[in-house]
Structures are given as C-alpha cells and as structure tokens.
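As structure tokens, the structure follows; a few thoughts come after it.
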There are 2 protein chains.
Amino acid sequence: MRIGELAGLTGLSRDTLRFYERTGLLVSRRLPNGYRDFPPEAVPWLRYVRTAQALGFSLAEIARTGAELSAAPDAAERLSELFREKIALIDARTAELAALRADLAGRVGTGCPLAPA
Amino acid sequence: MRIGELAGLTGLSRDTLRFYERTGLLVSRRLPNGYRDFPPEAVPWLRYVRTAQALGFSLAEIARTGAELSAAPDAAERLSELFREKIALIDARTAELAALRADLAGRVGTGCPLAPA
DNA sequence: CTTGACCCTGGACAGTACTCCACCCTCCAG
DNA sequence: CTGGAGGGTGGAGTACTGTCCAGGGTCAAG
C-alpha cells in the first residue's frame with residue numbers, strides 16, 4: 001500500500017512514516033514510479049512499534065530488535081521471547097508504580113515539605 | 001548549600017541543576033560571592049521532580065505545578081491534592097500496562113505476524 | 001603567593017522524535 | 001489537456017533535556 005493509506009490506517013503522518021523509514025524502523029519496496037509500497041504487515045508492525053515506544057524503548061532500540069527478528073530463522077519463537085521480556089518489563093514497571101503510589105498515598109494529608117525553595 | 005553538595009546528594013550533575021534553575025524548576029539565593037545557595041528542601045523537591053518525570057510529566061509541567069504550589073496559601077492541602085491526582089494517574093497507567101501485558105501474554109507462543117516487512 | 005577545588009556565565013553541541021517547507025513528479029478524472 | 005490529490009527529495013527548524021567547554025572569579029590550605 002502507498003504511504004497515504006498506511007498513514008490513514010495507523011494514524012501516523014506521512015512525514016512520520018518517511019522518518020521511520022529513514023531510521024530503518026520501516027521497510028518498503030518502491031513502485032516503478034518511485035512511490036513507496038508498504039506491505040500490509042506494516043500496520044501491525046507499527047502497532048507493535050507504538051507499544052514498545054510506550055514501554056520506554058527508543059526508536060533505535062525498536063529498529064534493532066526488529067532487524068534481529070527478521071533475520072532470525074525462528075521468528076515466531078524469538079518474537080514470543082521478546083514478548084516475554086516485555087511482559088517482565090511491564091511487571092517491573094508496574095511494581096515501581098505501585099511503590100510510588102504507596103509512597104505518595106502515605107503522604108497525602110501530611111504537611112510534608114516538598115515545595116520548591 | 002552550594003551546587004556541588006546538592007549534586008552529590010541528588011546524583012544530578014551541576015550542569016543539570018543549573019539547567020533546572022534556568023528553566024524555573026529550581027530556585028536559589030545567591031551568596032555574596034555569586035555562588036548559588038540552595039535550601040535543604042531542594043533535595044526532596046528534586047526527588048519529587050524525578051518522580052513526576054518518571055510519571056511522564058515534562059519539566060515545564062512540573063515547574064508550573066511547582067510554582068502554583070508555592071503560591072498557594074494552603075500548600076500542604078494542594079500538595080496532597082496533587083499527590084492524589086498522581087495516584088490516579090499511576091492507577092490509570094498501571095491498568096494500561098496490565099492490558100498491554102494481557103495482550104502480549106495472549107500472543108506468546110503463537111506464530112503471530114508482527115515482523116517488519 | 002600559589003595551587004587546586006569549586007563556582008560563575010554564555011554559548012555551542014547532542015540525541016530523540018518529529019514537523020514543515022520548497023520544489024518537483026505522477027496519475028486519474030473530467 | 002488540465003487540475004488536483006497524492007507522492008518524492010533534501011534540508012531546515014522545533015521542542016525537550018541535557019552536556020560540554022572556554023574563559024574567568026573565589027576561597028582555603030600549605
């Protein structure tokens with residue numbers, strides 16, 4: 001599909017997609033007229049990219065694991081592994097948030113000294 | 001205290017502290033010789049800043065609520081309120097992560113099509 | 001008085017993630 | 001054939017969050 005359609009399907013701008021391609025996050029073939037031609041898998045891939053980004057990964061990291069993935073002979077297995085890693089990360093982050101929450105909750109109502117100088 | 005001590009106590013660099021001061025995130029008096037003089041409260045305040053940052057607030061937002069706070073007559077009450085807001089935010093974020101986790105967990109082991117083109 | 005640790009300022013530079021622009025080409029409908 | 005939507009490129013610009021540096025002042029110890 002061409003860039004406009006992909007932009008419509010993902011909610012990303014054309015500029016962002018071109019930017020992602022430049023940084024190696026997205027691959028495309030070219031049509032005879034020079035237009036980019038994205039495969040349909042680009043849609044779930046971009047969903048995955050946004051997920052990973054939400055988890056705090058930089059685009060460079062995401063591109064790296066993506067390249068690793070497509071190079072692996074056992075892509076499905078590697079992907080499952082990656083997902084398991086991400087799940088662990090989510091669990092860690094959730095625990096962090098819980099700790100933060102407890103800390104803050106413990107202070108609500110107390111006249112604690114956190115105001116700037 | 002002077003900038004070096006604050007840097008030591010918070011783990012931030014002097015440059016970062018000066019940067020925070022420029023952006024209004026941190027306030028200091030000046031000693032007769034021109035050196036910055038930070039109040040001891042700067043330490044918990046910076047801890048709070050890091051917390052808020054971890055929650056996804058930009059430094060500008062943190063500075064804004066900080067200014068608002070120090071202007072408020074009922075600082076302790078406002079702070080508790082802020083904390084309650086942050087707790088709600090944490091809960092929302094935790095729920096998001098849980099959803100993401102469930103999504104990923106459901107896919108582990110399946111040969112799902114998320115590889116880049 | 002010199003040395004070294006520490007502080008000051010202003011400004012350049014960096015990495016991340018976009019966003020916008022000028023200028024040009026392609027394609028299809030009317 | 002023309003107009004307009006949509007595509008391409010290179011490059012500049014932006015916002016955020018720092019980081020580094022040159023050039024220079026301050027201060028206490030030896």
Side-chain angles (χ1 to χ4, degrees), chain A residues 1-40 42-43 45-68 86 89 93 116-117, chain B residues 1-40 42-43 45-67 89 93 116-117:
Chain A
M1 81 188 71
R2 288 180 308 175
I3 200 168
E5 191 182 347
L6 185 57
L9 288 175
T10 60
L12 300 172
S13 74
R14 289 158 224 260
D15 269 329
T16 297
L17 293 176
R18 283 190 275 254
F19 170 69
Y20 281 4
E21 200 206 42
R22 266 204 306 287
T23 61
L25 204 59
L26 203 51
V27 194
S28 68
R29 293 197 321 254
R30 290 305 176 116
L31 298 172
N33 59 12
Y35 287 11
R36 286 174 183 81
D37 185 28
F38 296 98
V43 178
W45 167 245
L46 286 169
R47 231 189 338 262
Y48 167 79
V49 167
R50 294 314 240 189
T51 299
Q53 214 180 359
L55 287 172
F57 290 98
S58 71
L59 296 185
E61 288 172 304
I62 300 168
R64 197 174 41 68
T65 60
E68 198 181 295
K86 282 204 192 317
L89 207 147
R93 204 149 292 188
Chain B
M1 81 187 75
R2 288 180 309 176
I3 199 168
E5 191 182 347
L6 184 56
L9 288 175
T10 59
L12 300 172
S13 75
R14 288 159 225 260
D15 270 328
T16 297
L17 293 176
R18 284 191 273 253
F19 170 68
Y20 281 4
E21 200 207 42
R22 266 205 305 288
T23 61
L25 205 57
L26 203 51
V27 194
S28 69
R29 292 197 323 253
R30 290 304 176 117
L31 297 172
N33 60 10
Y35 288 10
R36 285 174 183 80
D37 185 28
F38 296 99
V43 177
W45 167 244
L46 286 170
R47 230 187 343 260
Y48 167 79
V49 168
R50 293 314 239 187
T51 297
Q53 213 180 1
L55 287 173
F57 291 98
S58 72
L59 296 184
E61 287 172 305
I62 301 169
R64 196 173 43 68
T65 60
L89 206 147
R93 207 148 294 189

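Every chain is numbered from 1, with letters handed out A, B, ... down the list of sequences.
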| request: Using atom OH of Y35(A) as one end and atom C1' of dT9(D) as the other, report the distance to the nearest whole Å. | output: 13 Å

| Does some side-chain heavy atom of L46(A) sit less than 4.5 Å from a side-chain heavy atom of Y20(A)? | yes

| query | Which part of the nucleic acid does T23(A) contact within heavy-atom distance under 4.0 Å: base, sugar-phosphate only, or nothing? | reply | nothing

| field | 5' priority, DNA chain C, between P32(A) and Q53(A) [closest heavy atom] | value | Q53(A)

| task | Examine distances only and state if a side-chain atom of W45(B) and a backbone atom of L25(B) form a donor-acceptor pair shorter than 3.5 Å. | result | yes

| field | Spacing between D15(A) atom CG and dG11(D) atom P, to the nearest angstrom | value | 16 Å

| remark: In this structure, CG of L26(B) is separated from CZ of R36(B) (nearest 0.5 Å) by 9.0 Å

| said: What is the separation between atom OH on Y20(A) and atom P on dC18(C), rounded to the nearest whole Å? | reply: 4 Å

| message | Using a 4.0 Å heavy-atom cut-off, does E61(A) contact any base of the nucleic acid, only the sugar-phosphate backbone, or nothing at all? | response | nothing

| Interatomic distance where CZ belongs to F57(A) and P belongs to dT16(C) [whole Å] | 15 Å

| query | Atom CG of N33(B) to atom P of dA28(D): distance rounded to whole Å? | reply | 9 Å

| task | Rounded to the nearest angstrom, tell me the gap between atom CZ in R50(B) and atom P in dG18(D). | result | 5 Å

| Should the pair E21(B)-R29(B) be classified as a salt bridge under the 4.0 Å nitrogen-to-oxygen rule? | no

| said: Measure CE/M1(B) against C1'/dC6(C) and give the value in whole Å, please. | reply: 16 Å

